[in-house]
There are 2 protein chains.
Amino acid sequence: MRVTIAEVARRARVSKTTVSRVLNNKADVDAATAIRVREVIAATGYIPSAGAVGLARGVTRTVGMLVPGLTWPWMGEVLQGVADVVEAKGYGLLLSTANRGAESLEEFSRQVSAKAFDGLLLVEPPDAVRHLRVLHDSGLPVVVIDDRGRRPAFPSVGTSNREGGAAAARHLLGTGRTRLATVTGPRDFGCTTDRLTGFRDVVREAGLTLDPRLIIEGDFTSESGEAAIRQLLDSGPEFDAVFAHNDLTAAGVLAGLRKAGRTVPDDVAVVGFDDIPLAAHTQPPLTTIRQPLREMGETAARQLLAQLGGAPRPDEPLIVPTSLVVRESTQDTVSAPDSGTSREESPR
Amino acid sequence: MRVTIAEVARRARVSKTTVSRVLNNKADVDAATAIRVREVIAATGYIPSAGAVGLARGVTRTVGMLVPGLTWPWMGEVLQGVADVVEAKGYGLLLSTANRGAESLEEFSRQVSAKAFDGLLLVEPPDAVRHLRVLHDSGLPVVVIDDRGRRPAFPSVGTSNREGGAAAARHLLGTGRTRLATVTGPRDFGCTTDRLTGFRDVVREAGLTLDPRLIIEGDFTSESGEAAIRQLLDSGPEFDAVFAHNDLTAAGVLAGLRKAGRTVPDDVAVVGFDDIPLAAHTQPPLTTIRQPLREMGETAARQLLAQLGGAPRPDEPLIVPTSLVVRESTQDTVSAPDSGTSREESPR
DNA sequence: CTGAAAGCGCTTACAG
DNA sequence: CTGAAAGCGCTTACAG
């Protein structure tokens, strides 16, 4: 049925060894022989069996990718970035989900042990820490795409969370706001700390202080954003701007302000983080700190493939910078450029 | 380094054959022997090499999935549905993208020929028709997840586009609207035809007619929605409701109406299609026809695995029904239930 | 420049 | 109940 290397060898009247040689572009093959073999390959449409090649060579030319879930609004961009470079290099992408908790991690560990792939991309390791040891011990090359900004034991790629927070503050101060509120992500996330630190530093440099009563902990859901606004409006001090640590939260902030009769950006300016598709469609459209998700995916994949090629592991996280995307939630339409959206790169 | 079946056999003082037998739970193994082998397996942490098993058995326990792109707002749900059932059955998921056009399709065809997976899930085959022949000829089991509603040559799963359109019309008529406008998807998409047909049928049954001047062709982008509204407002007849063929278009419709000073839902009611995450965050939140993306992914994966298990191919497309999700874009908040969102299954 | 043979790590008749 | 041997489809020393 399926044409094998043996069949090609037979038809070309050479040995399998020779076919293998032309397949892999080794030198030391007579030109005429090579041509003959290639003709047979073309005529039969022969493609080497990935499994057999893998077994013989000890590699699979496949990279695994473990993600906490596929329905997160920013996952698509990361995946696309990864897929682009992985495919360009002729590698396969084996995707796994960790959304059934321990069970899926165990299942996944089996795949690792079964040597189903050569290297691994990890997105935001949930509580996989224990399982990660197995990976490390097995010598599997790993790169983590770390939304949380922690510094893990593996090579990682992240974004400039701190600088992103700083850019949000600079922008808000630049539009004349002075009483800045923040709805953070979960406290124990590294990215929350970083975004808050960058934000606070800029505010301080401007000679202002961040009122602690205006810093509310959220959980990255829009509900937490809306709840934060209710709380602030009920019992907090006045504020004229809100920095939400992600766009979903910012959407909740917008909803909360609207229900309370505050207008955006006139009464309150709002800045989000991420720049998910939603951000352009909120009312008003959301100014946000763009997280370069696709580039992060690309960078991680490139780094992993480099390691597979023998490159050394970097000992510092790879940082892909954020950028500020200005929309109407922080400034009036009339003062904005014709497109209604402008984008400026973060310094450095 | 890596522990192999030979090593396990040696330690358990049996042949590789016997180890293989207990691995695969064959009968005819002495109980005591089996226990001994299992102990060695547990002690060594032995996991059979996926590649070797695949080569010997001729199957990979991996399914391929080819998608047009990963950044579409609804792709995550489909992927998650697929991943859930595929992983539960112990299969791997090899993901490929077709967003580099012919090049990626060729690369993909190689994977097919290389027998890198046992079966294939296809999302919305772009213009892969020609390449599909290769798949068919190779006897590879294929299931297509067909957003376009065409009836392809392969087993497929789709949604009830026609009934979805009908539900939109029923809902709009039920809220007292009579001059219904539509912004469709591209004309040559099967789903566009189906959604329009279902919509029109209900309108006719109600004794009304669909004014052809109120049917604008869009292209599933929010820009096309906004442009359609401009056109309608400029030169079209009056209307009090808009059915957009997807949520992105509906978001554009909302923006267009807002800019023109029309209020939603008071002046105009708006219904979308899909129920992507965005839909709950537009202003006002969008009533929409929910497409059961996750269930579609699950259904497709289940069907494919069934075929791998020898089940016959269904000759009719598998249909997962839409449902109506009512939010504020078609009715006043005050008349809505406390949640602000209600959902009703489509009849049948 | 070329080929026979061993090996990658399993499974599966076949024989006992 | 168990094992030796062949086979899956390649690659890679090794020898010529």
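Here is how names work: the chains are called A, B, and so on, in the same order as the sequence lines, proteins then strands, and each is numbered from 1.
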Length of the line joining [X]:[atom1] and [N]:[atom2], which is rounded to integer Å:
X       : N      : atom1 : atom2 : value
A:Asp28 : C:dT2  : CG    : C1'   : 10 Å
B:Lys16 : C:dA13 : NZ    : P     : 16 Å
A:Asn24 : D:dA13 : CG    : C1'   : 15 Å
B:Leu55 : D:dT11 : CG    : P     : 12 Å
B:Glu7  : C:dC10 : CD    : P     : 11 Å

Once you apply a heavy-atom cut-off of 4.0 Å, does [X] come out as touching a base, just sugar-phosphate, or nothing?
X       : value
A:Thr17 : base
B:Ser20 : base
B:Lys26 : sugar-phosphate
B:Asp30 : sugar-phosphate

*Would you name the heavy atoms of B:Thr60 and B:Ala116 that are closest together and state the gap between them?*
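Smallest heavy-atom distance, with atoms named: OG1-O, 3.7 Å.
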
*Quick one: closest heavy-atom pair of A:Ser20 and A:Ile5, and the distance?*
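Heavy atoms of A:Ser20 and A:Ile5 come nearest at N-CD1, 3.9 Å.
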
Nearest to side-chain heavy atoms of [X], which nucleotide of [options]:
X       : options               : value
A:Arg21 : C:dT2, D:dC8, C:dT11  : C:dT2
A:Pro48 : C:dG3, D:dC10, D:dG3  : D:dC10
B:Ala56 : D:dG9, D:dT2, D:dC8   : D:dC8
B:Ala52 : C:dG9, D:dT11, C:dT11 : C:dG9
B:Arg57 : D:dT11, D:dT2, C:dT11 : C:dT11
A:Ser15 : C:dA4, C:dG9, C:dT11  : C:dA4
A:Arg2  : D:dC10, C:dG3, C:dC10 : D:dC10

*If you measure from CG on A:Leu121 to CG on A:Leu79, what distance do you get to the nearest 0.5 Å?*
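If I round to the nearest 0.5 Å, the distance is 9.5 Å.
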
*Enter the distance from B:Phe108:CZ to B:Leu94:CG here, rounded to the nearest 0.5 Å.*
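Nearest 0.5 Å value for the CZ-CG distance: 8.0 Å.
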
*Determine yes or no for a side-chain-to-main-chain donor-acceptor pair under 3.5 angstrom, with A:Arg36 supplying the side chain and A:Ala12 the backbone.*
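Yes; judged by distance alone, with no hydrogens or angles, the pair exists.
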
_Counting only side-chain nitrogens and oxygens, does A:Thr33 get under 4.0 Å of the OP1 or OP2 atom of C:dT2?_
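Yes, A:Thr33 has a side-chain N/O under 4.0 Å of OP1/OP2 on C:dT2.
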
